[in-house]
Amino acid sequence: MSVHLLITAGKDLGRKISISKVGTKVGRSTSGNDLVIIDDMLSRQHCRFYFENDLLHVEDLDSANGTLVDDVEIKSKQLFPGNEVLLGDTILKVVSNRLDGTVVDEQPQSDNPAKSGPKPLVDLGFNSSRNAANTQSSPSALGKKPLGFLLVIVVLLLLVVWGPKILKSFSFKSTKGQVAEVLPLPAVSKHLLLNYEKVQASPENIFRYYLTLDADTNLTVEIDDLINDRHVSKNVVVDNPEYIGKIIDGLRNSGIYGLDEKYQGLSGDDSIESYELSITIGLDHKTIKVYNRVEPEEFKAARETIEEFAKNELGIWAIQFSKEKLLELAEDAYLNGQKLYNEKQVDYANLSESIVFLKQSEWYLETVDPKPDYYGQLIRLLNDGEVELQQKYDDQNFNAERAMKLKEWTIAKQELEQIIAMIPNRSDERNIEARRKLIDVKRRIETEQ
């Protein structure tokens with residue numbers, strides 16, 4: 001499946017997103033959306049990504065906080081690789097903008113000033129209006145002739161020393177009244193080293209999670225769960241420097257560098273819960289230990305960023321939890337699935353949603369042995385639900401096809417809409433097929449009116 005978007009900021013950092021050919025609605029509500037993002041700043045139905053002429057677009061759905069593309073609020077806009085779509089506190093970066101995962105990167109000049117001509121150098125406001133008018137008509141001398149090595153060093157030193165002071169004193173404007181592009185200072189180091197260990201121990205068991213990221217971007221995670229005899233080791237080379245840069249930005253902004261080196265408490269039940277995290281970014285290094293104590297919020301934000309990073313890169317999720325946690329998650333999912341299955345007559349979508357929860361429960365229990373007592377009932381419910389959903393779909397689809405052959409378009413429309421309500425997941429082929437047919441049926445109804 002093609003990846004079209006990558007979440008580079010927010011609680012779902014690192015998540016890769018594929019947009020369906022029929023479009024993907026995004027919001028924070030689990031109802032009515034194809035993609036749910038954990039972000040309190042999002043509206044329930046916030047925006048929609050869709051393809052028009054095989055090119056990716058985004059449309060705001062009258063959200064409270066708006067949809068921004070490269071910091072500009074939009075109603076709807078065609079997207080290109082590198083565009084950043086801001087939804088609440090979440091940033092989605094465009095990776096590819098065609099349905100098949102390829103890219104079209106030619107933007108109109110109005111949308112892509114970088115291609116409309118030479119960029120102006122920093123205008124400090126000392127030029128007269130006559131000289132400023134010539135800025136766009138002819139390249140500067142700096143662009144015409146290579147500078148000597150010594151001159152380059154001098155310019156860089158001046159920018160480093162005086163640049164911040166000058167920026168505070170002047171409002172830099174291009175000849176069209178827009179903020180001129182500031183020449184970049186030397187790049188901040190993007191080298192990241194990580195060592196992170198989480199230990200949860202009791203008289204009955206020891207659970208250990210250990211993560212490292214070395215200078216060659218080798219990411220390794222080791223998990224030991226002694227009582228359940230689970231020992232997992234996974235490794236991958238992270239080949240996305242830009243994503244590493246986003247992780248670095250997230251860690252720098254977490255506030256972790258302002259924390260103390262050690263937070264220690266006592267346990268009253270002979271249990272141990274400890275975290276140790278070492279972060280090296282360029283020349284900056286920080287090690288923090290938290291032992292039997294509530295984590296500082298800044299520390300928690302940093303370690304959750306790191307765990308999420310590993311989860312997405314290595315494809316691990318359930319194995320990072322202890323058996324007790326997996327059993328807890330599995331039981332919650334099973335009970336939700338069972339409830340929805342029992343209420344399948346109440347709402348068209350309940351049977352489909354029940355299957356989602358039951359599959360989640362089965363997945364949580366994949367590495368757990370022995371299985372809980374309800375496991376057999378879970379598998380029976382899951383199998384019965386999938387068979388029943390397929391049967392309902394086949395019956396509904398047959399009715400829709402028959403109505404279409406008889407040109408009973410209103411009946412066909414009702415049958416297809418019921419299929420979509422019954423299988424709301426837009427990535428499901430049955431949903432996609434029903435939507436495709438519904439578009440044609442609606443057109444035929446319109447032509448007959």
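These numbers were taken from a predicted model, which means no experiment stands behind them.
- Between the side chain of N53 and the backbone N or O of L55 there is no donor-acceptor pair closer than 3.5 Å.
- Of all heavy-atom pairs between N97 and L79, the closest is ND2-O, 3.1 Å.
- Put simply, NZ on K339 and CD on E353 are 12.5 Å apart, with the number rounded to the nearest 0.5 Å.
- Between L213 atom CG and N218 atom CG the span is 8.0 Å, to the nearest 0.5 Å.
- Around atom NZ of K16, no more than 12 heavy atoms belonging to other residues, nucleotides or ligands sit under 6.0 Å away.
- For S96 (side chain) and V3 (main-chain N/O), a donor-acceptor pair under 3.5 Å exists by modelled atom type.
- A heavy-atom distance below 4.5 Å is not found between the side chains of N425 and V356.
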- Intermediate values then yes/no, side chain to side chain contact (heavy atoms under 4.5 Å, CB included), I411 and E415: CA-CA 6 Å; I411 295 176; E415 299 290 343; 4.3 Å; yes
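- With sequence neighbours excluded, the residues that form a side chain to side chain donor-acceptor pair (under 3.5 Å) with E295 are R303.
- Nearest heavy-atom pair across F51 and H4 is CZ-NE2, 3.7 Å.
- The side-chain heavy atoms of E261 and I288, taken from C-beta on, include no pair separated by under 4.5 Å.
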- Check the pair R430 / E433 against side chain to side chain contact (heavy atoms under 4.5 Å, CB included), numbers first and verdict last. CA-CA 5 Å; R430 295 169 293 189; E433 181 68 12; 5.9 Å; no
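- Between L277 atom CG and I256 atom CD1 the span is 4.5 Å, to the nearest 0.5 Å.
- Judged by distance alone, the side chains of Q338 and N342 never bring a donor and an acceptor atom under 3.5 Å apart.
- A donor-acceptor pair is defined here as one N or O able to donate and one able to accept, closer than 3.5 Å; no such pair exists between the side chain of H46 and the backbone of D62.
- A side-chain donor from one of D70 and N83 sits under 3.5 Å from a side-chain acceptor of the other.
- Residues satisfying the side chain to side chain donor-acceptor pair (under 3.5 Å) test with D71, not counting sequence neighbours, are none.
- The nearest pair of heavy atoms linking S18 to T24 is O-OG1, 4.3 Å.
- A search for ring pair (Phe, Tyr, Trp, His ring centres under 6.0 Å) contacts involving Y263 returns nothing, not counting sequence neighbours.
- Residues S63 and C47 fail the side-chain proximity criterion, which asks for heavy atoms closer than 4.5 Å.
- For the side chain to side chain donor-acceptor pair (under 3.5 Å) with D440, the lone residue among R444, K437, R443 that qualifies is R444.
- Figure legend: cation-pi geometry between K286 and Y257 absent, as NZ or CZ is not positioned both under 6.0 Å from the six-membered ring centre and within 45° of its axis.
- In this structure the side chain of L35 reaches within 4.5 angstrom of the side chain of R15, judged on heavy atoms.
- Here the CG-CD distance, from L389 to E386, works out to 8.5 Å after rounding to the nearest 0.5 Å.
- Of all the heavy atoms in S361 and A330, the pair that sits closest is OG-O, 2.9 Å.
- In this structure, Y196 and Y275 have parallel ring planes: the angle between them is below the 30° cut-off, well short of the 60° mark.
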- Message: For E448 and K413: C-alpha separation, side-chain torsions, deciding distance, then whether salt bridge (charged side-chain N to carboxylate O under 4.0 Å, His left out) applies.
- Response: CA-CA 14 Å; E448 291 183 356; K413 174 176 176 290; over 6 Å; no
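- Atom-to-atom distance recorded for I244:CD1 and T217:OG1 is 6.5 Å, nearest 0.5 angstrom.
- Proximity of H285 to L193: side-chain heavy atoms (C-beta onward) are nowhere separated by under 4.5 Å.
- For the atom pair CE (M41) and CG (L86), the distance works out to 9.5 Å, reported to the nearest 0.5 Å.
- Legend: residues meeting side chain to side chain donor-acceptor pair (under 3.5 Å) with S354, ordered by chain and number and at least two apart, are absent.
- Between the side chains of N235 and T220, at least one donor N or O lies within less than 3.5 Å of an accepting N or O.
- Remark: R98 pairs with D54 by the side chain to side chain donor-acceptor pair (under 3.5 Å) rule, at least two apart or across chains.
- A cation-pi arrangement is found for K344 relative to Y341, the charged atom lying closer than 6.0 Å to the ring centre and inside a 45° cone about the ring normal.
- Taking the six-membered ring where tryptophan is involved, the planes of F309 and Y243 are perpendicular, since the angle between them exceeds 60° and thus also 30°.
- Judged by distance alone, with hydrogens and angles left aside, the side-chain atoms of N397 form no donor-acceptor pair with the main-chain N or O of Y393 at under 3.5 Å.
- A donor-acceptor distance shorter than 3.5 angstrom exists from the side chain of N431 to the backbone of I423, with no hydrogens or angles considered.
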- Message: Go through it in stages, so that I can follow the logic: the residues are I419 and Y348, the test is side chain to side chain contact (heavy atoms under 4.5 Å, CB included), and I'd like the CA-CA distance, side-chain angles, deciding distance and then a yes or no.
- Response: CA-CA 9 Å; I419 290 176; Y348 281 116; over 6 Å; no
- Item | side chain to side chain contact (heavy atoms under 4.5 Å, CB included) evaluation trace for I223 with F207 | CA-CA 8 Å; I223 296 174; F207 177 81; 3.7 Å; yes
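- Using a 4.5 Å cut-off on side-chain heavy atoms (C-beta onward), N33 and Q45 make contact.
- Of all non-hydrogen atoms in L382 and E362, the two that sit nearest each other are CD2-OE1, 3.4 Å.
- Under the 4.5 Å side-chain criterion, counting only non-hydrogen atoms from C-beta, F398 is not in contact with E401.
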- Message: Would T67 and D60 count as a side chain to side chain donor-acceptor pair (under 3.5 Å) here? Give the steps.
- Response: CA-CA 6 Å; T67 298; D60 183 70; 2.7 Å; yes
- Message: ring-ring contact (aromatic ring centres under 6.0 Å, His included) for Y334 and Y364? Distances and angles first, verdict last.
- Response: CA-CA 10 Å; Y334 167 68; Y364 288 134; over 10 Å; no
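- Partners of E52 by salt bridge (Lys or Arg N to Asp or Glu O under 4.0 Å), not counting sequence neighbours: none found.
- A salt bridge does not link K300 to E297: none of the charged nitrogens lies less than 4.0 Å from a carboxylate oxygen.
- Across all their heavy atoms, P296 and V290 have their closest contact at CD-CG2, 4.2 Å.
- F80 is not listed as a side-chain neighbour of V103, based on a closest heavy-atom distance of 4.5 Å or more.
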